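Take a look at the structure set out below.
Order of appearance sets the numbers: ligands from 1, and atoms from 1 within every ligand. Scope of the values below: all heavy atoms of this structure, side chains included, with no hydrogens, waters or symmetry mates. The structure displayed is predicted, hence computed values, not measured ones. Start at 1 with the first residue, then count along the sequence.
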Amino acid sequence: MPIIRFPKDMKWGTATAAYQVEGAAFKDGRGLSIWDTFSHTPGKVKNGDNGDIACDSYHLYHEDIELLDRLGANVYRFSVSWPRIYPNGTGKLNPKGLQYYHNLVDRLVEKGIEPMLTLYHWDLPQALQDQGGWASRNTVDAFSQYAETIFREFNGKVKYWQTINEPLCAAFLSNYRGVHAPGYQDLQLAVDVSHHLVLAHGKAVKVFRELRIEGQIGTATNTTWREPFSNRIEDIEACRREIGHNIDWFLDPIFKGEYPQYLIDWFEKKGAKLHVEDGDMEIIQQPIDFIGVNYYSGNVTRFKENTGLLDIENIEIDYNHTHIGWPIYADGFYKVFQYLAQRYGKIPLFITENGACCMDELVNGKVDDQDRINYYKQHLTAVSRAIESGIPILGYLAWSLLDNFEWADGYGKRFGLVYVDFQTLERIQKESYTWYKKVIANGWIEI
Ligand code: BGC
């Protein structure tokens, strides 16, 4: 069987996010987040699921780190729950919240696993939402104070930092499509929020540099790839819009100091105007150290007038799909790397999420998730092709260590290398865990 080798210094690990795994939602002084409110609103999350308990990693983090250690991971990406640190978003600090992350980080470091800390993975303090949320520039200032607290606290212990996870989702899924918290359907609001998220990113990076915090800081961007259904210019432009909405809209401001004009015009045509204040773009355009790439899926797309925000339609062709219904398109992963390199130069990339949702079944104490292993093989092959073509890829983090609260899909959609029994909270290693462990130990995959 052919073997694909990865560079010796490649980092390997897994990723999770606070609201998806921690649980302990009302414990030790944590404030409410918009996801507590949203998930407790009937009809918003499948089966009425919520993150009150989730994987209970708040109490069981030792077990999680044990799993990471046995896996051989050398990086673990987690996010800090802002309302655990500032229950009201600003003002009074919650020492118990900080202590939890110290315990987590210290234990990781003890085990030789580098923590990668994400400041914001969508759980905005509800108290800030009540004052306008990300539509208000006060939230941007609150975020930069929160970021400063975290930077000062964990300086020296944490070497990889991420500001905001997937601003696309936090802006558009949350405020235009309404399927994520806080659940609005207002394009102008989504465009305003998207600018404030990018601005919040810039402010946090500025603070990071001013305080001379150790380590490297980056973002985590949703990426996707689209192949045009035909050679018609409308179809090519439709794909361009979708890729650009994911990538250009959020990264051009950082790397080029401007939003892409074609999307500004597009949103205007749809009735929403971009509002940028003097000085914003200088703040946003702070150099960052790496781009975090989150990639799951790609598709074939064509233009269809008056369809959603971008006037696009995805065409069902013969791709396989994961259990969440997303087409599997590993070539798109490779194309995303090339796209980022062409558009933004040789900035290092860190794959901060990649993984598959599968219909996992626990049979005689085992989960034989060959589909997930195949998904990983195909996507790691794309990673290797990109590395060979000269793209600097620092590391690869599988989404996710554990099955967890999959946002509006609740617990029915599993992405973990480790199966979680949500009744008993027992963690059971899947076949993909054993497979990934070998990949990390060997530094190669068999395809
Ligand atoms: C998010 C994760 C999520 C995963 C699968 C990413 O967009 O960052 O929180 O669980 O996709 O949907």
Side-chain angles (χ1 to χ4, degrees), residues 13-23 33-35 38-39 45-46 49-51 54-55 57 76-82 116-124 162-177 179-181 194 197 201 218-225 242 245-247 249-250 291-299 321-329 332-333 336 350-360 369 371-372 375-376 379 396-418 420 422 432:
T14 70
T16 60
Y19 191 72
Q20 293 181 274
V21 299
E22 280 178 7
S33 84
I34 54 174
W35 269 96
F38 191 75
S39 63
V45 176
K46 280 211 186 107
D49 290 345
N50 59 55
C55 306
S57 292
Y76 178 54
R77 175 176 179 239
F78 66 95
S79 79
V80 172
S81 157
W82 183 353
M116 180 186 277
L117 185 156
T118 303
L119 287 166
Y120 184 72
H121 203 125
W122 308 349
D123 43 357
L124 184 72
Q162 289 206 306
T163 52
I164 290 176
N165 180 70
E166 299 186 356
L168 175 88
C169 297
F172 288 87
L173 289 188
S174 298
N175 297 286
Y176 171 68
R177 294 204 26 225
V179 294
H180 278 189
S194 69
L197 287 166
H201 156 87
T219 59
T221 309
N222 272 77
T223 63
T224 182
W225 195 256
E242 175 66 25
H245 181 39
N246 277 262
I247 299 176
W249 187 254
F250 297 96
I291 299 176
V293 179
N294 294 359
Y295 180 86
Y296 289 90
S297 178
N299 223 332
H321 292 69
T322 57
H323 182 50
I324 203 165
W326 301 344
I328 302 174
Y329 188 46
F333 203 11
V336 161
F350 207 124
I351 297 148
T352 39
E353 285 181 30
N354 176 236
C357 171
C358 298
M359 205 164 71
D360 298 321
D369 53 343
D371 289 355
R372 184 171 286 109
Y375 179 99
Y376 279 128
H379 287 76
Y396 178 89
L397 307 181
W399 184 271
S400 179
L401 174 66
L402 305 168
D403 293 337
N404 57 47
F405 176 76
E406 179 49 29
W407 306 113
D409 283 303
Y411 295 102
K413 296 285 181 270
R414 296 175 179 268
F415 277 87
L417 296 165
V418 175
V420 177
F422 290 105
S432 56

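- Classification of the Phe250-Phe172 ring pair by plane angle, with boundaries at 30° and 60°, yields perpendicular.
- Looking only at protein heavy atoms, the nearest one to atom 12 (O) of ligand 1 is Glu406 OE2, 2.5 Å.
- Atoms of ligand 1 found under 4.0 Å from any heavy atom of Phe415 (numbered from 1 in listed order, with element): 5 (C).
- Proximity of Tyr76 to Thr16: side-chain heavy atoms (C-beta onward) are separated by under 4.5 Å at one or more points.
- Contacts between Tyr19 and ligand 1, counted as non-hydrogen atom pairs separated by less than 4.0 Å, are absent for every part of the residue.
- Ion pair Glu353/Arg77 flagged as a salt bridge, since at least one NZ, NE, NH1 or NH2 atom sits closer than 4.0 Å to an Asp/Glu carboxylate oxygen.
- Within the 4.5 Å cutoff, the side chain of Asn294 has no heavy atoms near those of the Asn222 side chain.
- For ligand 1, the polar-atom distance check against Trp122 finds no nitrogen or oxygen pair separated by under 3.5 Å.
- For ligand 1 and Trp407, the ligand atoms under 4.0 Å from any heavy atom of the residue are 2 (C), 3 (C), 9 (O), 10 (O).
- Of the options Tyr396, Trp399, Tyr296, a side-chain hydrogen bond (donor to acceptor under 3.5 Å, both in side chains) to Asn354 is made by Tyr396 and by none of the others.
- Considering every non-hydrogen atom in both Ser39 and Tyr19, the closest pair reads OG-OH, 3.0 Å.
- Not one N or O of Trp326 is nearer than 3.5 Å to an N or O of ligand 1, by distance alone.
- Side-chain atoms of Asn404 and Phe415, non-hydrogen and from C-beta on, never get closer than 4.5 Å to each other.
- Protein heavy atom closest to atom 4 (C) of ligand 1, with residue, atom name and distance, is Tyr296 OH, 3.4 Å.
- Only the side chain of Asn165 comes within contact range of ligand 1, with a heavy atom under 4.0 Å; no backbone atom does.
- Close approach of ligand 1 to His121 (heavy-atom distance below 4.0 Å) involves ligand atoms 1 (C), 2 (C), 8 (O), 9 (O).
- Looking at ligand 1, you'll find an N or O of Glu353 within less than 3.5 Å of one of its N or O atoms.
- Between Asp369 and Arg414, none of the side-chain N atoms (NZ, or NE/NH1/NH2) sits under 4.0 Å from a carboxylate O, so this pair counts as no salt bridge.
- The protein atom (non-hydrogen) at minimum distance from atom 7 (O) of ligand 1 is Glu166 OE1, 2.4 Å.
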